[in-house]
Engineer: 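Dumping the structure here so I can ask a few things about it.
Because only heavy atoms are used, hydrogens play no part in the values below, and waters and symmetry mates are left out as well, while side chains stay in. Just follow the structure's listing: the first ligand is 1, and inside any ligand the first atom is 1. In this text the structure is predicted, and so the values were computed from the model without any measurement.
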Amino acid sequence: MSYDLFQPEHDVLRQTVREFIENELAPHADEWEEAGEVPREVFLRMGELDYLGMRYPEEYGGGDDVLAEAVLHEEMVHCRSGGVAADIGAHVAIAMPHILHYGTDEQKKKYLVPGLKGEWIGALGITEPDAGSDVASIKTRAVRDGDDWIINGAKTFITNGARCDFMVLAVKTDPDKGYGGISMFVVDTDTPGFEVSRKLDKLGWKASSTGELAFTDMRVPSDALLGEVNRGFYQIMGGFAWERLTMALGSVSGAEQAMNKSMEYAKQRQAFGQPISKFQVIAHYFADMATEIEAGRALTYHALKLYVDGGNPIKEVSMAKLYCGRMACRVIDTCLQIYGGYGYMEEYDIARAYRDIRLVPIGGGTDEVMKEIIVRMIGIG
Ligand SMILES: Cc1cc2nc3c(=O)[nH]c(=O)nc-3n(C[C@H](O)[C@H](O)[C@H](O)COP(=O)(O)OP(=O)(O)OC[C@H]3O[C@@H](n4cnc5c(N)ncnc54)[C@H](O)[C@@H]3O)c2cc1C
């Protein structure tokens, strides 16, 4: 199916990026999953290859091409670890966009220039132990003290949180105002009072370093404020569009990759004297999966086109994330079934994919939250 979206140069880029991922990332996936961390050298290497700044302005070292970054998020599924893709994604598509959209020129020079080179790693800290979906009820507090701000509070589930160099942080600057009292800051993690309380163990995304963080009398200068005081909620919602789109892109390509691998398996695995792909029920699984993947791709590319054209397609992005996340879970579950007992074994990538994909209906806004947004956008809520 043609989508009139990517240009020939994106096809060339896709090939080059895939070769890099297959040759330099995939062979190390098991080791990094075991270690629970993606080495810094990976960020540096991807920075060297200009893969971290594809959508960022040239003046900060980027390539100014949103579609090129979309290609990267699609191709990252070939690295054989959702955790590796998550850490790169959190840096490139979740943390740094806040600085791109709301940062001053000084903040962009300070964080984007080393960030795009992979010298500094970023994270986005919104979720707290008692506030996830309900962003307006976060409790981390920033209080003015002369020209500085003093921050106290905690964050949890933060991707790259246990090892980042800077964090884009959501805090309450006016606790009486609910969502109208949130502001964003960008803080250096070597600031006294910033502490990694715990590195979290997870169902999947094993290579990703997910952190729980505590801030105790963390003093930051006034130029750590990112955007306007008390406009943070709107900045957060704005940032979700790209984060959710990248999750939809990764879900579609992840589902497709799992389907393709299980098709190879089904053609060679024998049962009752024939390849299992010859059983009509198995072949029909593939027909269903191929159809769902194509539907997910159409929805996602439609949202991507609207986004690239400068729109704010909240409804379409929410639909793409909702549909593709669940679709990929269904597809990967079916693929695991096709592998039979081998699908349950760690030596086949499908076991890891099954664990990793389950995050999509939770992270970046749950399915239920996506439905709440869609309800409002279609005029029923
Ligand atoms: C591996 C991982 C990485 C993450 N990375 C980051 C990160 O980098 N930065 C960051 O800030 N956060 C991160 N998160 C947090 C993630 O965004 C939250 O987990 C998510 O937003 C849900 O919040 P919660 O976990 O507090 O669940 P809750 O908000 O407590 O929700 C619990 C359940 O209630 C449902 N629910 C809540 N409100 C409603 C409602 N109004 N209507 C219907 N149902 C509702 C939810 O959908 C869910 O099913 C990460 C999470 C994980 C697991």
Engineer: Check ligand 1 against Leu359 and write out every atom of the ligand that is under 4.0 Å from a heavy-atom position of the residue.
Structural biologist: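 Listed by number with element: 1 (C), 2 (C), 52 (C), 53 (C).
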Engineer: Does atom 40 (C) of ligand 1 have any protein heavy atom closer than 4.0 Å?
Structural biologist: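 So far as the 4.0 Å threshold goes, atom 40 (C) of ligand 1 is out of reach of every protein heavy atom.
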Engineer: For residues 64-72, which side-chain donor-acceptor pairs fall under 3.5 Å, sequence neighbours excluded?
Structural biologist:
{"unit_1": "Asp65", "atom_1": "OD1", "unit_2": "His10", "atom_2": "NE2", "d": "3.4"}
{"unit_1": "Asp65", "atom_1": "OD1", "unit_2": "Leu67", "atom_2": "N", "d": "3.1"}
{"unit_1": "Asp65", "atom_1": "OD1", "unit_2": "Ala68", "atom_2": "N", "d": "3.2"}
{"unit_1": "Asp65", "atom_1": "OD2", "unit_2": "His10", "atom_2": "NE2", "d": "2.9"}
{"unit_1": "Glu69", "atom_1": "OE2", "unit_2": "His73", "atom_2": "NE2", "d": "2.7"}
{"unit_1": "Glu69", "atom_1": "OE2", "unit_2": "Trp242", "atom_2": "NE1", "d": "2.8"}

Engineer: Are Tyr301 and Phe6 close enough that their ring centres sit under 6.0 Å apart?
Structural biologist: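 Ring centres of Phe6 and Tyr301 closer than 6.0 Å.
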Engineer: Tell me, please, which residues at least two apart from Glu212 pass side chain to side chain contact (heavy atoms under 4.5 Å, CB included).
Structural biologist: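 Applying side chain to side chain contact (heavy atoms under 4.5 Å, CB included) to Glu212 gives Thr156, Ser197, Arg198, Leu200.
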Engineer: If you measure from each non-hydrogen atom of Ile94 to ligand 1, which part falls under 4.0 Å: side chain, backbone, both or neither?
Structural biologist: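 Neither part.
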Engineer: Any donor and acceptor pair, going by atom type alone, linking the side chain of Thr191 with main-chain N or O of Val187 inside 3.5 Å?
Structural biologist: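 Checked: no pair found.
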Engineer: List the closest protein heavy-atom neighbour of atom 4 (C) of ligand 1: residue, atom name, distance to the nearest 0.1 Å.
Structural biologist: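 In this structure, atom 4 (C) of ligand 1 has Phe157 O, 2.8 Å as its nearest protein heavy atom.
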Engineer: For atom 27 (O) of ligand 1, which candidate among Ser133, Pro129, Gly89 provides the closest heavy atom?
Structural biologist: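 Nearest option to atom 27 (O) of ligand 1, by heavy atoms: Ser133.
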Engineer: Please tell me if atom 30 (O) of ligand 1 is touched by the protein, where touching means a protein heavy-atom distance below 4.0 Å.
Structural biologist: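 Under the 4.0 Å cut-off, atom 30 (O) of ligand 1 has no protein heavy-atom neighbours at all.
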Engineer: Any protein heavy atom under 4.0 Å from atom 53 (C) of ligand 1?
Structural biologist: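 Neighbour list for atom 53 (C) of ligand 1 includes protein heavy atoms (cut-off 4.0 Å).
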Engineer: Does ligand 1 have a heavy atom under 4.0 Å from the side chain of Thr366, from its backbone, from both, or from neither?
Structural biologist: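 The side chain, only.
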Engineer: Among the heavy atoms of Ala123, does any lie under 4.0 Å from an atom of ligand 1?
Structural biologist: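 False for this residue.
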